[in-house]
Structures are given as structure tokens and as C-alpha cells.
Amino acid sequence: MTNVKLMQGNEACTLGAITAGMDFYAGYPITPSTEVAEICATELPKIGGKFIQMEDEIGSIAAIIGASLTGRKAMTATSGPGFSLMQENIGYAALTEVPIVIINVQRVGPSTGMPTSPAQSDVMQARWGTHGDHPIVVLAPGNVKECFDLTVKAFNIAEEYRVPVIVLTDEVVGHMREKVVLPEPGSVTIVDRQKPQSRANYLPFAADQDGGVPLMASFGDGFRYHVTGLFHDETGFPTNRGDIANASIRRLMRKVEKAEPLIRDYFTESTDDCELLVVAFGSSAMSSLSAVRQARAKGIKAGLFRPKTIWPFPETVLDELAGRVKRIIVPEMNMGQLVLEIQRIVGGRAPVESLTKVNGELFRPEEVLEAIVGGRK
Amino acid sequence: MSESMKYFREQRLPHIWCPGCGHGTVTGALVRAITRLNLDKNKVVVVSGIGCSSRAPGYLDFDTLHTTHGRALAFATGVKLSRPELKVIVMTGDGDCTAIGGNHFIHAARRNIDITTIVMNNNIYGMTSGQFSPMTPKGMIGTTAPYGNTERSFDLANLAIAAGATYVGRGTAYHAKLLEDLIFQALQNKGFSVVEAVTQCPTYLGRRNKFGTVVDMLNWFKDSAVNVKAAAVMTPDKLAGKFLVGELYNKPDQEFTAAYDQLVAQVQRKFDSFKGGTRECAQNSD
């Protein structure tokens, strides 16, 4: 029972990160993510880790990329405006294949927006916020325990595939307190990056062109290699050759595409026989789950599909469901972002309805229920 | 120079810089200073941002990190804080360091983090072919200042000193030996060190501003630079239109990563003693 704790989502993300081996944090204060920085400032020195409050979010993500290159598991946390500032260096980490984890506790935007209110409007920014085609993984916890679990998972994915991973929570998931049963120490699977054994013939960016992941040496360990945000060949040095850039972009994208079946994570409720499917993630899925259960009590064959990996989207799972439901409803606390991906996958086989909310409040279960029931008229 | 060649990635040469560019002279001064200190090449990390200057690390045989525009010092801060035993050097330019990277520059100085920053100041954005920078002298021509630059320029050394750098020097591509000596000193300062290396861009500054040849540009440095020691006995009117070279500031202070490591040790002592159930007053008063 010692592992049962009452905690908030931001705290669970931080504990998950430390459990995963995170020992370097750089961040800049911003509501509603600041607790992550505060806990890191308190806890990391105890375990010999490093905390630094940088001068801005651009510096924060730069510092964690630098730290990761020296072999550390490094993280930052932020919200809307700060996440916008980080975009350029997210692309840098994607191209240079440096593992990092970013916790983005979403709030209402654009601009300063409503700092203390939840939103889910960074879905597309998390996927496409930086310029250029690039690989990224985005995980969306739907409760406090999942903040812990998915932050561990975020580090494992970052380390295994050398990609930036974003944990996309929101103000409600981040600040909500729930009872959490923490796993026994030692029972959690931890993945560490693959390192080269010797400098002889080390090619820092050599990998199977079919989505392979290069071995990653740590700065300071005698490998003496070059890292650049320019397109580079397998030696790491810049090149202007279009054929190499083409192969690089395709390999980087293929890494995540190949990983999708292995990292795929989702929750379903009552989907075996459902005729109406609600697709929701994060805090919207909490209200949606309640609505689906209420609908079932009324005799409506409703079900819930809740992706926890939202980029890459668990496409084959939804594809199978889409073939046997009559209607799909997508509640999101934005003007309709993830719904576009769902419409793409469903491809017209069932009507896909977007249910939007942007007033800084959670969906009430009745609102989702109303959408479910309303459609049966 | 032959002894210094061990620090170069010879297979990466020749470099991309234009004929007559001063960046090779500055890079040579850095490598000669490193050679004098006989630094272990496995324990040096050179970080750069974007621009002509920032291509230099690619030619050096260390762990080298070519980052995003203006952010070299922020990446370098992560490297240094993570592994304080590494010697971290930043190579940057006037645009990279004082415009887009200005915020990271003043905060790295404020922290007094042990990073040696070489600012290759050619007074122009060279890589993008000649726009004025925050270091372009008033009145000079750039592609975005076709009628002459109307903005005031930074005094980089004074900026660094005011922000908290503990070692600051200025040399030029003409004063190559002085530059090497300043970098040699800067590398030994445990704290944030800045060496401004004034360097010529004949292609985009010189040509447009009718400097004549590369030699004329070097003579401009020779004629405009006054050693800080000589300047001490000169009158203000004699110093008008000149700039100072030499060691401009050298006051060591507590270094950031060392202070952080001390804090970690204190915190760990405190929590270790809690775990052991022996609360020693001396330790818990930290």
C-alpha cells in the first residue's frame, strides 16, 4: 500500500520521467505546467540529476538536446506559448535524431489565451508545428496514472527510436488529483538508447534505410563526431545532395511508421457491438466515457475509442471499427483537429461528426450524451 | 602549425569561406591556443549556431555541434551542465550572438557558466550575403541598409562585462598573435569568457563599403585598434573612432556548474542523513 498516492497529473508525469531515468531538466515557468519544473528542481539534486531554469523556452529545449547528446535522458515541460517557441528546435531534434521528451500541458490559445483553462488545441501543432516533414510521436494521457505510464513510455520511445516525443496533456489532466497506484520499483520496463561499442568505423548516422535507427554515441566519450541541423550523410557532415536528403527524410518518417504497431496504445469501451462510436482523447475522453455508459443504460449501442498514441494515430484499429459502425462522434476541446485524421481514416464509410468546445471548460457528459442521443432522431 | 593539425579534421578541408575571409585566421588562433594547453581532444565540445562563423567546428576534431541560429550558447549550457568535466567552446558570429542569440548571451554571462565564447565579428551577415547586423558600424552599407546603417551598434565587450562575463578580450584577424593569447587566457578562466575576434568580410562588407583589398581591411583593423594598455594614457579625442584590443576584463568569480554540483552534494548529504536516521545539525543547517 506504500505505493498508493494522491497526486496530480503534472506530478505523475514528473515521477514517471524520473522512473524512466530522466536526470536532466531544463524549463521556463509557464502555467499550467510549472509544477513539473518545481518538482524537478526539488527532486533532481537528490538523485544527482541536473535542473536549470533557462531564460526562455527556446533555450530550454536547446539545453535538453545538448544534455541528451552527452548521454542523459532529458526533458522539458511547457504550455501553448512556450510550446510555440520550442518548435524550431523540435525539428532540430527530429533531424539530428536526439531523444528528448516534452510535456505540453495544453491551455486555451491562440496567443496568451486563457492560461489557467484547459484546451486540446495543440493537436496539429504537436504533429506539424515545426517546418519540414519530420517524425514525431505524441502521447495523450487520459488520467493521472496514465501521466505516469505514458511519460515512462515517452522516454522509452525517444530512446529506442531517437525521436522527440511529446506528452500532450491539458490543464485538467495536469492539475486533477487522483489516487494512483504506482508500480513497484524495478517492475517498470526501461529502454536505453543503443550506443556504439568502439570508435573504429563509427558512422554516427548509418542505419538501415528502411527506418533503421543509428547507434548514438555520447559527447565526451571519445567518438568525436559532428551533429548538424543541415542534411547530412551517414558521417554526420553536411551535404547538399538531393538523393541523400531524400533518403534521410524517408528513413526518418519510416522509423515512426514502422514503430507504430509496437508503440500503439489505446483504450476501448463497449466497442464489440457498438453502432455509434465516440472517438476522444485526454480529458474529453473522461466525459465521453461517462456519456457512453449513460447511453448504454438507455439501450443505445454506443462505444468509446480512446487513442493514447495520437501521432502516429492507431489507424488500423480505427479502420476496423469504422467498417462496422453507423456513426462516429469526435468531441474535442478545439475547433476540430483530430477529427480531420479520423475523417481521413474512416474515408466516408460512416458519418464523422465533430463536437467542439473552446470556452475553457471540459465537456459535460450530458453534452456528449446529447450528441449521441440527438443523432438517433 | 604542424602540431596543431592534430586538432583538425583534415579530410574536411578545404573550408567553405571566401578567399580573404578572416574566419580561418580566428580558427587558427583558437587551435593554436588549444595546442598550447594540450587539451584532450576527447574532452572538448565545440558548439556553434548559424552563419559563416558557425561552420568552423565542422573542421575541428572534437565532438562538434552545429545548432540552430542564435542558440549555440543554450545548447552548450546543456552540454556543460550535464558534463562539467568537458571543455566547452562556442564559436559564433556577430549576428548569431548579438541579434537572434542576444538573450542566451547575456544569461550565459550572468550565470558565469564555464564556456569560452569566440565571437567572430565581421560586422555583417555574411552567409545571407550582406545584411547589416547589430555590430555594423553606423553609416556602413548593407543590402538591407542600402543608404547607410542608421542603427547604433553594440559594444560587445562592454555588453559581456555588464552581463557578468568574468573574462573578456578583443583581438582582430590582424592581431592574430594577440588573439591567440587572449583565447589561451580565456580557455583557462573557470567561468564565462568572451573573446571578440574582429574579422574581415571582404565579399559582403568590404566590397560594398569600398574598402579596397583584404589588406586594406586588415590595415583598417591595424589603424583603428588601440591596445587597452596604451589607451589608458590616451586622451578621449585621440581615442575617437578607435576600438580597444587586449584583455578588457579578468575577474574570476564562482562558476555556475561548480556551484550547482556543490548544491547537489549538500542536498544529497542532507537526504542521506535523513534516510540513515541520523540528523546531524551541521549538515542540516545547509
Side-chain angles (χ1 to χ4, degrees), chain A residues 23-26 41-72 74 76 88-93 95-96 98 100 130 199 204 217-230 232 235-238, chain B residues 9 11-12 16 40-48 50 54-55 57-86 88 100-101 103-104 106-108 110-111 113 256-257 260-261 263-268 270-272:
Chain A
D23 57 358
F24 190 101
Y25 182 93
T42 309
E43 298 301 320
L44 288 179
K46 295 180 190 172
I47 58 169
K50 311 276 180 156
F51 168 88
I52 185 167
Q53 183 168 307
M54 290 297 287
E55 48 274 16
D56 56 31
E57 288 88 348
I58 304 173
S60 301
I61 183 169
I64 66 168
I65 295 170
S68 181
L69 277 163
T70 68
R72 291 199 186 251
T76 186
E88 184 190 10
N89 282 337
I90 290 175
Y92 184 87
L95 182 68
T96 55
V98 177
I100 53 165
T130 197
R199 187 172 193 266
S218 298
F219 274 18
D221 283 358
F223 287 84
R224 300 199 308 275
Y225 70 107
H226 188 61
V227 175
T228 175
L230 289 164
H232 42 269
T235 65
F237 291 104
Chain B
R9 290 167 171 149
Q11 75 279 12
R12 300 302 309 166
I16 64 161
D40 177 353
K41 58 198 222 174
N42 290 326
K43 298 295 170 194
V44 175
V45 178
V46 187
V47 187
S48 65
I50 293 294
S54 294
R55 291 304 189 94
Y59 308 119
L60 304 178
D61 193 17
F62 307 107
D63 282 314
T64 50
L65 181 58
H66 178 221
T67 71
T68 47
H69 199 17
R71 316 303 168 197
L73 278 165
F75 281 80
T77 296
V79 171
K80 182 66 187 180
L81 178 59
S82 175
R83 294 187 71 165
E85 75 275 18
L86 301 178
V88 179
I100 191 166
N103 199 31
H104 306 304
I106 59 173
H107 287 278
R110 176 181 59 80
R111 289 187 188 101
I113 187 167
F256 168 68
T257 62
Y260 192 85
D261 282 349
L263 174 122
V264 167
Q266 279 172 16
V267 171
Q268 287 189 319
K270 189 167 174 177
F271 283 88
D272 284 350

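Letters A, B, ... mirror the listed sequences (proteins, then strands); counts begin at 1. Hydrogens, waters and symmetry mates are skipped; everything else that's a heavy atom, side chains included, is used.
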**Q** Could you check if a side-chain atom of Ile58(A) sits within less than 4.5 angstrom of a side-chain atom of His104(B), using non-hydrogen atoms only?
**A**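 A side-chain contact exists here, since the closest heavy-atom pair is under 4.5 Å.
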
**Q** Using heavy-atom distances under 4.5 Å, tell me whether Tyr225(A) contacts chain B through its side chain, its backbone, both, or neither.
**A**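 Contact with chain B involves both backbone and side-chain atoms of Tyr225(A).
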
**Q** Nearest 0.5 Å please: distance from the CZ atom of Arg9(B) over to the OG1 atom of Thr235(A).
**A**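 Nearest 0.5 Å value for the CZ-OG1 distance: 9.0 Å.
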
**Q** How about Pro45(A) and Lys270(B): do any of their side-chain heavy atoms sit closer than 4.5 Å?
**A**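 Side chain of Pro45(A) against side chain of Lys270(B), heavy atoms only: no contact under 4.5 Å found.
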
**Q** Just give me the residue among Lys43(B), Glu85(B), Arg111(B), Lys80(B) that pairs up with chain A most often, heavy atom to heavy atom, under 4.5 Å.
**A**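 Of the candidates given, the most pairs with chain A belong to Arg111(B).
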
**Q** Could you tell me the separation between the CZ atom of Phe219(A) and the CZ atom of Arg83(B), rounded to the nearest 0.5 Å?
**A**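 CZ of Arg83(B) is found 11.0 Å from CZ of Phe219(A).
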
**Q** Looking only at heavy atoms and a cut-off of under 4.5 Å, which of Glu55(A), Met54(A), Arg72(A) has the most pairs with chain B?
**A**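 Sorted descending by pairs with chain B, the first entry is Glu55(A).
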
**Q** So what's closer than 4.5 Å to chain A heavy atoms on Phe62(B): side chain, backbone, both or neither?
**A**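 Interface part for Phe62(B): backbone (N, CA, C, O).
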
**Q** Does any backbone or side-chain atom of Leu86(B) lie under 4.5 Å from a heavy atom of chain A? Answer side chain, backbone, both or neither.
**A**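 Side chain of Leu86(B) only, per the 4.5 Å heavy-atom cut-off to chain A.
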
**Q** Measure distances from Ile61(A) to the heavy atoms of chain B and classify the residue's part below 4.5 Å as side chain, backbone, both or neither.
**A**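 It is neither, since no heavy atom gets under 4.5 Å.
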
**Q** So, the side chain of Arg224(A) versus the backbone of Lys41(B): is there a donor-acceptor pair under 3.5 Å, distance only?
**A**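 Pair absent, no side-chain N/O of Arg224(A) close to backbone of Lys41(B).
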
**Q** Less than 4.5 Å to any heavy atom of chain A: does that hold for the side chain of Arg110(B), its backbone, both, or neither?
**A**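 Arg110(B) has no heavy atom closer than 4.5 Å to chain A.
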
**Q** What's the spacing between Thr68(B) OG1 and Glu88(A) CD if we round to 0.5 Å?
**A**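 If we round to the nearest 0.5 Å, Thr68(B):OG1 and Glu88(A):CD are 4.5 Å apart.
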
**Q** With a 4.5 Å cut-off on heavy-atom pairs, point out which of Leu69(A), Asp23(A), Thr96(A), Asp56(A) contacts chain B the most.
**A**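 Heavy-atom pair counts peak at Asp56(A).
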
**Q** Do the non-hydrogen side-chain atoms of Ile52(A) and Phe256(B) ever get within less than 4.5 Å of each other?
**A**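 Yes, side chains in contact.
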
**Q** Within a strict 4.5 Å, meaning less than it, do heavy atoms of the Arg12(B) and His226(A) side chains meet?
**A**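 Counting from C-beta outward, Arg12(B) and His226(A) never come under 4.5 Å.
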
**Q** Please rank Thr64(B), Leu263(B), Asn42(B) by heavy-atom pairs under 4.5 Å with chain A and give me the top one.
**A**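 Going by pairs under 4.5 Å, I would pick Thr64(B).
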
**Q** Check the angle between the aromatic planes of Tyr92(A) and Phe75(B) and answer parallel, tilted or perpendicular using the 30° and 60° thresholds.
**A**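 Because their plane-to-plane angle is over 60°, the rings of Tyr92(A) and Phe75(B) count as perpendicular.
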
**Q** Identify which part of Asp261(B) has an atom lying under 4.5 Å from any heavy atom of chain A, answering side chain, backbone, both or neither.
**A**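 The answer is the side chain of Asp261(B).
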
**Q** Under a 4.5 Å heavy-atom cutoff, which of Val45(B), Leu81(B), Val47(B) has the most pairs with chain A?
**A**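 Highest number of heavy-atom pairs under 4.5 Å: Leu81(B).
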
**Q** For residues Asp63(B) and Asp221(A), report the shortest heavy-atom separation together with the two atoms involved.
**A**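 Taking every non-hydrogen atom into account, OD2-N, 4.4 Å.
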
